[in-house]
Every structure is written in C-alpha cells, then in structure tokens.
Amino acid sequence: MSNPDLPEADDFPPPASRREQRRSSMRPGSADHSGSGGNGGNGGPHPPGKPMLPSRGHPASQSTSQANALAQSVPPGPSAFGIDLLDVLDRQVSGGGDFPHCVQILVDDVEARGLDMPGLYARDGSSRQVRRLVDTLTINTTGPIDPRFFPDVFVSCTALRIYFEQLPDPLFTYDLYDDFLKAFGLETTDSQLCAKELKRLIGSLPKGHFDTFRLLFFHLQRVLARAEENGTSMALLAKEFGPVLMRLPPGMVSAADMQLHRTAQIGVVTFVLTHFLLLMADWVDQWSVSFMQLLVDPVGVDVFRRYMADLGLECNVRFWSAVEHYKEADPEDWAALAVDIFNTYIHQSGEWAIQIAPAMRVQVRQNLDRINESLFNKIQQYIQTIMGNRHYPGFLQSAHYRSLL
C-alpha cells in the first residue's frame with residue numbers, strides 16, 4: 001500500500017472508543033465549535049431553525065430562479081439541518097450517535113438507488129421534493145427513505161449537499177481553514193508533505209466531524225467506483241462539495257479574493273478524493289486486526305453493515321449498534337429506548353427482527369419493567385459472537401473491505 005509520492009500512514013491517532021466525547025479531538029486552544037461564529041461572508045453560519053441555502057456558484061446553467069427555489073426548500077423548525085453537527089450528535093441517543101442520522105439515511109438511499117444513475121450529483125432534485133424530504137427526515141430519524149414518496153434519487157443527493165452547506169461550522173472546521181490552505185499550498189512543491197499535513201489536519205478534526213468526514217468520503221469513493229455507469233467524475237464531486245465542506249470563515253477576505261479561495265477549496269477536496277484510501281490506510285488496516293478493533297470504529301461498523309446487508313443480515317449490526325447507544329444514553333432515557341429496541345429488533349414482527357431463541361425474547365419482555373444498563377447484554381453478546389465467528393472472516397475477503405486496501 002506504499003506510494004513514493006505519499007507519506008506512510010502514521011499521523012492519525014489509533015481508533016478510539018465510541019464512548020469518548022465527540023468533541024475530544026478538538027485541538028488545544030482551538031475555537032469553540034458551538035456554531036456561534038456570526039453571519040455573513042462566504043458560506044457563513046446560519047441561525048438554527050432558519051437554514052438558508054447559499055448559491056452553488058456552478059454551473060452557469062443553474063439559473064437564479066432555480067437557486068432561489070432551492071434556497072426555500074428547507075423548512076424552519078426542529079431539524080438536524082442548520083444545527084451544529086456536534087450538538088446534533090450529542091442529542092442523538094437512539095439508533096446511533098456517531099453520524100447525523102439524516103446523513104446516514106441519505107447516503108444509504110443514494111447508494112441503494114442511485115449508484116448506476118447517470119447524472120448523479122450533477123443534477124438537482126425538485127425544490128418541493130427536497131423540502132418534503134427534509135420535513136420527513138425531521139420526523140423520521142431512522143429511515144429508510146420510501147421511494148414511493150421520493151422516486152427521484154437526485155432529491156437525496158441535493159438534500160445531502162444542503163445538509164453540509166447549512167452546518168454552522170463546516171465539516172472542515174473554520175478554525176482549521178488557514179491550516180488546510182497552507183497544507184494544500186505545498187501540493188505543487190512537495191506532494192508528500194502536503195499529504196502528510198492534510199492527513200494530520202483531518203485527524204485533528206473533532207471526532208464527530210472526523211467520523212462524518214469518513215462516512216461521506218467512503219460514500220463518494222463508492223460513487224466514483226461506478227463512474228462508468230453514473231458518469232460522475234472526481235472533478236464534479238470536488239466542485240460540488242469543495243466549497244461546501246471547506247467554507248471560508250465569515251469576513252475573512254474581500255469579494256475579490258473569493259475565487260482564489262474557491263479554487264483552493266476544490267483543490268483540497270480533489271487531493272483528498274485522489275489519495276483518500278492511502279490517507280485512511282491506518283484505520284482500514286485496523287479493521288483486520290480483530291473484530292473488536294472493527295467494532296470500536298463507527299465507520300468500520302458502517303462498512304461491515306453494508307457487507308451484512310448483502311447477506312440479508314443487516315438487522316444484526318443495527319441491533320448491536322442500537323444496544324451500544326442504549327448503554328451510552330442517559331439512564332432516564334433507558335425505558336423508552338428499551339421498548340423501541342424490543343419492538344424493532346427483539347419482537348419477531350419487528351422491522352429489523354433478529355433471529356434468536358424464543359426464550360431470549362421472553363426473558364427480555366419479562367425484564368422490561370426492571371430496566372438497567374445490562375438489559376440486552378446477553379443477546380448482544382450472542383449476536384456479536386455470531387458476527388465475529390461466522391461473518392467477519394468473510395468480510396475481510398469481500399469486495400467491501402478489499403476494495404479499500
């Protein structure tokens with residue numbers, strides 16, 4: 001996996017426990033990520049509850065009226081859209097809290113229905129449908145998206161981009177903006193040092209941003225892997241996401257310098273897309289050390305979930321993750337979460353019912369009035385053992401994993 005033009009994978013910290021504070025990767029002395037940086041400037045933060053859609057700035061064929069229609073496509077009210085990413089993760093307790101639920105749902109929908117769709121990420125969905133989808137994601141935080149109501153997968157593509165546009169603090173955070181620019185400035189003279197610096201900066205993002213970054217970029221890699229069918233190019237994705245993921249801090253430069261920064265933003269995302277697998281090598285390699293090493297990395301769990309979905313066993317990973325987050329939740333939330341886990345995974349008619357002995361189901365039902373942290377431990381350990389012994393070896397030999405090496 002070596003490349004003479006890139007550094008060895010040695011800059012990221014080792015995979016951390018999912019119980020770590022999601023803000024713990026923030027560098028000492030860095031700016032607060034509460035999203036209170038004010039408004040204005042190129043892609044400045046938006047007040048929670050009043051999300052706005054900045055102009056895309058590309059292509060020229062996108063008319064002002066189309067952009068204005070999209071700007072009104074996201075409704076006010078409680079939603080993950082327009083809310084600080086770390087705040088959203090802090091309040092997510094059911095079904096997983098490592099990525100914003102809406103991001104994972106949208107990524108899953110695009111990959112389920114759109115990887116072979118020509119024009120993926122090159123076309124916008126209808127503004128009315130985007131608004132309806134965001135409304136739906138505000139109410140239904142578990143997904144999946146029902147194609148009967150949203151037949152156009154481009155609506156999901158547009159909603160995903162809008163989500164990142166509306167983050168008060170971008171995925172590549174404001175406090176690291178100058179550092180990313182300086183690192184990318186090395187690209188023309190020393191690509192190895194450029195890669196090493198970008199890798200270090202990505203690893204220093206707050207953990208919630210870093211995990212969401214990996215979820216998104218693994219998705220974009222899967223989009224590019226099907227480029228012959230969907231016609232999507234790396235240049236298009238960089239142009240689409242660069243100015244969205246790495247926004248200029250408000251009031252930083254004059255309007256005359258905007259294009260120079262836009263070029264740099266696109267350049268950073270192009271470089272990361274080009275060398276992404278090498279930049280992620282340490283983390284991907286850790287997944288093969290042991291099943292437990294995979295389970296402590298939320299992105300590893302997500303890739304493993306996709307493999308299990310191909311086997312018709314996605315329910316096992318979803319259950320395991322739901323129990324992990326049940327144990328992390330505030331005890332006052334355990335009762336409601338326990339009922340939800342029972343109805344979704346334990347009950348034989350549940351939406352994601354797992355295959356377990358009837359006696360296990362009965363035991364959990366009997367204990368629902370005696371809630372504690374270990375309520376689901378026996379079943380979780382049973383499912384984890386099955387996945388580790390029966391399915392993990394196959395995962396390591398699968399295209400889901402080997403395509404990342």
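Side-chain atoms are counted along with the backbone in the values below, which use heavy atoms only and exclude waters and symmetry mates.
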Legend entry - Electrostatic pair Arg113:Asp109 at N-O distance under 4.0 angstrom: yes
Inset, instruction - Kindly assign one of parallel, tilted or perpendicular to the pair Phe291 and Tyr392, based on the angle between their ring planes and the thresholds 30° and 60°. - result: tilted
Inset, instruction - Cation-pi check, Arg161 to Tyr121: give yes when NZ or CZ is under 6.0 Å from the six-membered ring centre and within 45° of the ring axis, no otherwise. - result: no
Inset, instruction - On the 0 to 90° scale, with breaks at 30° and 60°, tag the Phe276-Phe218 ring pair as parallel, tilted or perpendicular. - result: perpendicular
Inset, instruction - Sort and list the pairs that fulfil salt bridge (charged side-chain N to carboxylate O under 4.0 Å, His left out) and have at least one residue in residues 211-220, not counting sequence neighbours. - result: Lys207-Asp211, Asp211-Arg214, Arg214-Asp297
Legend entry - Heavy-atom pair of closest approach, residues Ile145 and Ser156: CD1-OG, 3.6 Å
Inset, instruction - Just say parallel, tilted or perpendicular for the rings of Phe217 and Phe213, cut-offs at 30° and 60°. - result: tilted
Inset, instruction - State whether Glu314 and Arg305 are salt-bridged, where the test is any N-O pair (Lys NZ or Arg NE/NH1/NH2 against Asp/Glu carboxylate O) under 4.0 Å. - result: yes
Inset, instruction - For the pair Asp179 and Arg200, find out whether any cationic side-chain nitrogen is under 4.0 Å from an anionic carboxylate oxygen. - result: no
Legend entry - Residues His391, Tyr307; criterion side-chain hydrogen bond (donor to acceptor under 3.5 Å, both in side chains); working and verdict: CA-CA 9 Å; His391 308 302; Tyr307 166 73; 5.5 Å; no
Legend entry - Of all pairs that satisfy salt bridge (charged side-chain N to carboxylate O under 4.0 Å, His left out), the ones with a partner from residues 346-356, not counting sequence neighbours: none
Inset, instruction - Look at Glu197 together with Lys182 and state whether they make a salt bridge at an N to O cut-off of under 4.0 Å. - result: no
